[in-house]
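Accompanying notes for the structure given below.
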Amino acid sequence: MTALALSLKNAIIRYGRMTAVDGLSLELRPGETLGLVGESGCGKTSVARAIAGLQPLSSGELAIGGEALGGSPAARRRDLQRKVQLLFQDPASSLSPRLTVGALMAEPLKIRRTYSAESWARIAALAESIGLGKQLLPRYPHQLSGGQARRVALVRAIAAEPSIIVADEPTAGLDISVQGELLNLLRSLRDRLQLSYLFISHNLNVVGRVTDRVAIMYLGQIVESGSTRQLFSTPAHPYTRALLSSNLTVDTQRRGDRIVLKGELPSPHEPPTGCRFHGRCPVARAVCATTQPRLETLSDGRAVACHFPSETGFVQAMTG
Amino acid sequence: MSEALVAIEKLNVSYPGATVSAHVLDSVDITIGHGEAVGLVGESGSGKSTVAFALLGLLADDADVSAGRAAFDGRENVFATKEAEALRGTEIAMVFQDPMSALNPLFTIGTQLIDIQRRRFPNERRSQLWARAERVLAEVGMPDAPRRMRAYPHEFSGGMRQRVVIAMALLVEPKLLIADEPTTALDATVEAQVVEALRRLRRRTRSSMLVVSHSMGLIAELCDSVVVMYAGTVVESGPVKAVLRKPLHPYTRALLACEIDPYADFDPEQELATIPGIVPDPARRPSGCIFAARCTESHARCSEPPPHRQVEAGHRFSCWQDASR
């Protein structure tokens, strides 16, 4: 069996007294795209930062390519961590306005001291293959279109020779007519360079189309995970059902009846007792307020943290 | 036949440049009936926000504006004049994309919800205005509205702030509510709550709505009809259901093909649809069909301006191809 590209076990991330991520585990398999979905404040960006080595875990274990970082010497840890590259949400602000496109693309090589005529030729060829021709190299970031800036950021991430790319909202702010182009590009690079992606997005249409598996987060924890197709066709957790039902698609008949949640996301400073979703859940019963459900694997292979998971998805009436 | 609330014909907007002027709206027609919700859809640079700003009289001073007709509620030539300013905040209200920048951080929500009504109801007492504000805030789905009236904008989440802004717009009881990307900054479940609030209000009030968005999904959800814009031109317009079922302009078809439907059967190996090429420079608009350079169905005739065609009840498009294909 091949090693997992990345695994996170029982990760806890605290900021002061606030616990942003509470006992979260996830596995990224080689060559797959794993979607991480959740609303603002659920802790998904903290997870991304922890995986990229920008945020220390308060407890838990991160392993890259089957090697745990915790027990490794510092130098080895740094090498392992370089296998994970982060693709930022706002590409224009992640590019220094003082450097040309060429210098920006050479920078990761220089930082890693692997800059040579050959390594530069490889990066320039990669850039050219994704539509960043030689004529763009002397330009500055402000002279690029949004799509070009995203591709420069992508070349920079790939120049560090990662095996894992964490993409945080890669399509946010892109017009729908160019969004497909970026997603096609990400997929072809994944297959060509044997990358694995952690794909963080709140755009459920995109997640449903480009990810192989998906994990749904609510208030610092995973409430459901499984194959994307399974989860979209028969969501088992009431939060997943509400989230998917609120997704706006052109075909308004396709999704089930809309479940509009009441209230707001509770504060992570004082998470609710029992199941964290119980106060907004349309099917909560007494036990939900007192006992926290464990993430259990169902017979069909998906994992759900709910006392009363649905087995039929939208078909079952939730409010009746 | 009763006259439409908004009747705009041949609206042109251009900005003078050093050498050539940039033509950002070219002969735009928009009609909004009483109680009707119209969606204005297009990519960045399509001019959809310029249309909204023109209706509000908020275009920059150097904008060169002309229109064949610009009527609001039976009065002619009201837009893009001093009269438009009088309509703003009384008969036309706006919900902007970013609710934080629309609220003053120094005053409580209650104060702001009262101030917004002063222009519309100058003779009412503060207690009356306060009571109305409280009622409308509860109507847009704000839990515990009486207490939240005394809170400041920073104490609200994004979704709640957007509801405050919608409440502000509704308090002036406008004849026309313009919403520019009202849910773009919101999470999916919060977006559903805001959409629900807007729908509830549409059922209850007789306000007309203009929803400006790049999301066809939002427009399908909220609107009766849709106007599809590309590079400052209306390429297609008609009832939402008809346009979605049978898009007639190649640009509408290309745009709808880019929409991702995660519930459809798809082959994961298949590439996602895109529209190659870029929107033409507004200072160098082609003389023929504006979409020809990116159109997969273009031919020689497309170098001349395309005819305006009308098929069944109000479904219009501008293309050399006819609707029978």
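Naming convention: chains lettered A, B, ... in sequence-line order (proteins, then strands); numbering from 1 in each chain. Nothing here was measured: the structure is a model prediction, and the numbers come from that model.
- Using modelled atom types and a 3.5 Å distance limit, the side chains of B:Thr189 and A:Glu39 yield a donor-acceptor pair.
- Contacts between B:Val195 and chain A at a heavy-atom distance below 4.5 Å involve the side chain alone, from C-beta outward.
- Under a 3.5 Å cut-off, the side chain of B:Gln193 and the backbone N or O of A:Leu261 do form a donor-acceptor pair.
- With a 4.5 Å cut-off on non-hydrogen atoms, B:Glu181 does not touch chain A at all.
- Residue B:Asp267 touches chain A through its backbone alone, counting heavy-atom pairs closer than 4.5 Å.
- A side-chain contact (heavy atoms from CB on, under 4.5 Å) with B:Pro262 is found for exactly one of A:Val206, A:Val207, A:Asn205, namely A:Asn205.
- Scanning both residues, A:Asn184 and B:Leu272, for their nearest heavy atoms gives OD1-N, 2.7 Å.
- With hydrogens and angles disregarded, a donor-acceptor distance shorter than 3.5 Å links the side chain of A:Asp175 to the backbone of B:Ser44.
- With a threshold of 4.5 angstrom between heavy atoms, B:Ala273 approaches chain A through N, CA, C or O but not through any side-chain atom.
- For B:Arg245, no part sits under 4.5 Å from any heavy atom of chain A, backbone or side chain.
- Contacts between residues 145-154 of chain B and chain A, counted as heavy-atom pairs separated by less than 4.5 Å, involve B:Arg148.
- Atom CD in B:Glu221 sits 5.5 Å away from atom CG in A:Leu248 (nearest 0.5 Å).
- Contacts between B:Glu271 and chain A at a heavy-atom distance below 4.5 Å involve backbone atoms as well as side-chain atoms.
- The side-chain heavy atoms of A:Ile176 and B:Leu255, taken from C-beta on, include a pair separated by under 4.5 Å.
- Within a 6.0 Å radius of CD in A:Gln143, other residues, nucleotides and ligands contribute more than 12 heavy atoms.
- With chain B as partner, the option from A:Ser188, A:Gly208, A:Gly180 having the largest number of non-hydrogen pairs under 4.5 angstrom is A:Gly180.
- Only the side chain of B:Glu191 comes within contact range of chain A, with at least one heavy atom under 4.5 Å from a heavy atom of that chain.
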